[in-house]
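Below: one structure, written as structure tokens.
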Amino acid sequence: MVRRWIGLLTLGLIVALPVRAETLKVAMEGAYPPFEEIGEDGRLKGFNVDIANALCAEMRAQCELVRLEWDDLIPALDDGRADLVVSSMSITAERMQLVDFTEKYTQTPAFFFAREGLVNEVILSPRRLAGKRIGVQRDTTFDNLLSARYEPHATILRYDSATQAYEALYNGEVDLVFDDAVSGYMGFLNTPRGVGFERVGGKIVSPKYLGRGEGIAVRKGNVELKERINRALSAILENGTYKGIERKYFQQFSVY
């Protein structure tokens, strides 16, 4: 337990009493490796966990990690079950009506992933994927883009997590998965189950649907906490802590 000592003048004596560090409840999904996943010990681990702990340390607070389903992350801010969400949540105009975001802390493009040889085109337009089954995590920015652009031509199959979408790809239940570039490579292609699969087409960047990077969400109107996190984020970017965490997980990528 992190403690700091203060002196209190009581009956003419200086008495040192311990003061507990502030605890911040940090929510994340825990099903988006290597950003966040459940380790063999049952505890959350990954890039987002390390970033959250680094930010809390900079703010002289303690992180209490709270694992929730994706759809429950924003409601948890509203009802007090969480103080902030560190879960690779894209900053979009729609979400900004519900929560306040810090400055971005990651930004990576999206790609399609498929079995090797399925498609060879560089530009995977909706018409070129006509008739294909595309898997995606439901209620995400990736889902929003597919719904707007691809659904009239392809069949969109939605899953509760990216992990489930890749499981469906592995089992032949979908033809492609649409996901973040790093998550797709590190969480699927670079695993034993990813043998025989590949990233296909060019990168897809769409501020309208995919946002302008991923930020840390706080309760709407909590300006004080948002500004504290922004200062802590700036500090770990400048002092090398962020880069050290990035290298630990993404030696072949830059996620900022």
Side-chain angles (χ1 to χ4, degrees), residues 29 31-36 46-48 51 70 87-95 101 103-159 161-163 165-166 168-170 174-191 193-215 242-243 246-247 249-256:
E29 182 190 22
Y32 200 54
F35 291 99
E36 54 197 67
F47 175 83
N48 284 336
I51 289 293
W70 177 261
S87 199
S88 300
M89 185 173 285
S90 297
I91 304 168
T92 65
E94 181 181 14
R95 287 180 181 146
F101 280 103
E103 297 297 323
K104 71 174 184 180
Y105 76 102
T106 60
Q107 184 167 20
T108 54
F111 277 92
F112 285 100
F113 298 87
R115 191 171 293 278
E116 291 178 354
L118 178 71
V119 292
N120 298 312
E121 294 89 348
V122 174
I123 300 175
L124 296 183
S125 67
R127 292 189 181 279
R128 287 181 177 174
L129 293 184
K132 295 290 191 293
R133 300 164 300 169
I134 306 174
V136 68
Q137 183 176 3
R138 72 176 77 252
D139 297 325
T140 60
T141 54
F142 309 114
D143 186 2
N144 293 342
L145 186 143
L146 290 180
S147 298
R149 294 184 178 178
Y150 287 81
E151 195 155 36
H153 305 278
T155 299
I156 311 302
L157 298 174
R158 296 170 175 86
Y159 298 87
S161 69
T163 300
Y166 287 115
L169 179 63
Y170 179 81
V174 297
D175 302 303
L176 306 98
V177 165
F178 186 51
D179 191 20
D180 173 87
V182 176
S183 172
Y185 179 81
M186 300 292 294
F188 180 64
L189 295 186
N190 198 35
T191 71
R193 297 177 78 80
V195 175
F197 295 86
E198 63 181 349
R199 191 180 70 186
V200 296
K203 69 179 182 180
I204 297 178
V205 178
S206 172
K208 179 179 179 181
Y209 294 108
L210 300 181
R212 51 184 179 85
E214 294 77 49
Y242 184 100
K243 183 58 67 176
E246 183 182 53
R247 289 196 187 108
Y249 294 96
F250 311 116
Q251 295 183 2
Q252 297 175 315
F253 297 91
S254 174
V255 296
Y256 184 77

Quick one: are Val174 and Tyr159 in side-chain contact, heavy atoms under 4.5 Å? yes
Whether Phe253 and Phe250 hold their rings parallel, tilted or perpendicular, with breakpoints at 30° and 60°: perpendicular
Correct closest heavy-atom pair for Leu145 and Ser206 would be CD1-CB, 3.8 Å
May I ask you to decide if Ser88's main-chain N or O and Tyr105's side chain share a donor-acceptor pair within less than 3.5 Å? yes
Taking all non-hydrogen atoms of both residues into account, name the closest pair between Ser90 and Arg95 and its distance. O-NH1, 3.0 Å
Please name the pair of heavy atoms, one in Ile204 and one in Tyr150, separated by the smallest distance, quoted to 0.1 Å. CD1-OH, 4.1 Å
Once the angle between the rings of Tyr170 and Phe197 is folded into 0 to 90°, is it parallel (under 30°), tilted (30 to 60°) or perpendicular (over 60°)? tilted
In chain order, what residues pass the side-chain hydrogen bond (donor to acceptor under 3.5 Å, both in side chains) check against Ser183, with sequence neighbours excluded? Asp179
Whether the side chain of Tyr166 engages the backbone of Phe113 through a donor-acceptor N/O pair (distance < 3.5 Å, no angle test) should be reported. no
A side-chain contact here means heavy atoms from C-beta on lying under 4.5 Å apart; do Ile156 and Phe178 qualify? no
Between Arg158 and Glu151, is there a salt bridge with N-O shorter than 4.0 Å? yes
Nearest atoms (heavy-atom pairs only) where Val182 meets Pro34: O-CD, 4.3 Å
Could you tell me if the side chain of Ile51 sits less than 4.5 Å from the side chain of Tyr242, heavy atoms only? yes
Using modelled atom types and a 3.5 Å cut-off, is there a donor and acceptor pairing between side-chain atoms of Arg128 and backbone atoms of Ile123? yes
Under 3.5 Å, is there a donor on one side chain and an acceptor on the other for Ser87 and Glu29? no
Determine whether a donor-acceptor pair (N or O, by modelled atom type, separation under 3.5 Å) exists between the side chain of Glu198 and the backbone of Gly117. yes
Give the minimum heavy-atom separation between Leu157 and Arg133, together with the two atoms involved. CD1-CB, 4.3 Å
Going through the distances and angles, do Phe101 and Glu214 end up as a side-chain contact (heavy atoms from CB on, under 4.5 Å)? CA-CA 9 Å; Phe101 280 103; Glu214 294 77 49; over 6 Å; no
Evaluate the criterion side-chain contact (heavy atoms from CB on, under 4.5 Å) for residue pair Phe188 and Leu169; output intermediate values, then yes/no. CA-CA 10 Å; Phe188 180 64; Leu169 179 63; 3.8 Å; yes
Give the intermediate values and the outcome of side-chain contact (heavy atoms from CB on, under 4.5 Å) for residues Val200 and Phe111. CA-CA 7 Å; Val200 296; Phe111 277 92; over 6 Å; no
Give a yes or no answer on whether the side chain of Tyr249 reaches the backbone of Gly46 with a donor-acceptor pair at less than 3.5 Å. yes
For the backbone of Val255 and the side chain of Glu246, can you confirm whether one donor and one acceptor N or O come within less than 3.5 Å of each other? yes
Which heavy atom of Leu124 sits nearest to which heavy atom of Leu129, and what is that distance? CB-CD1, 4.2 Å
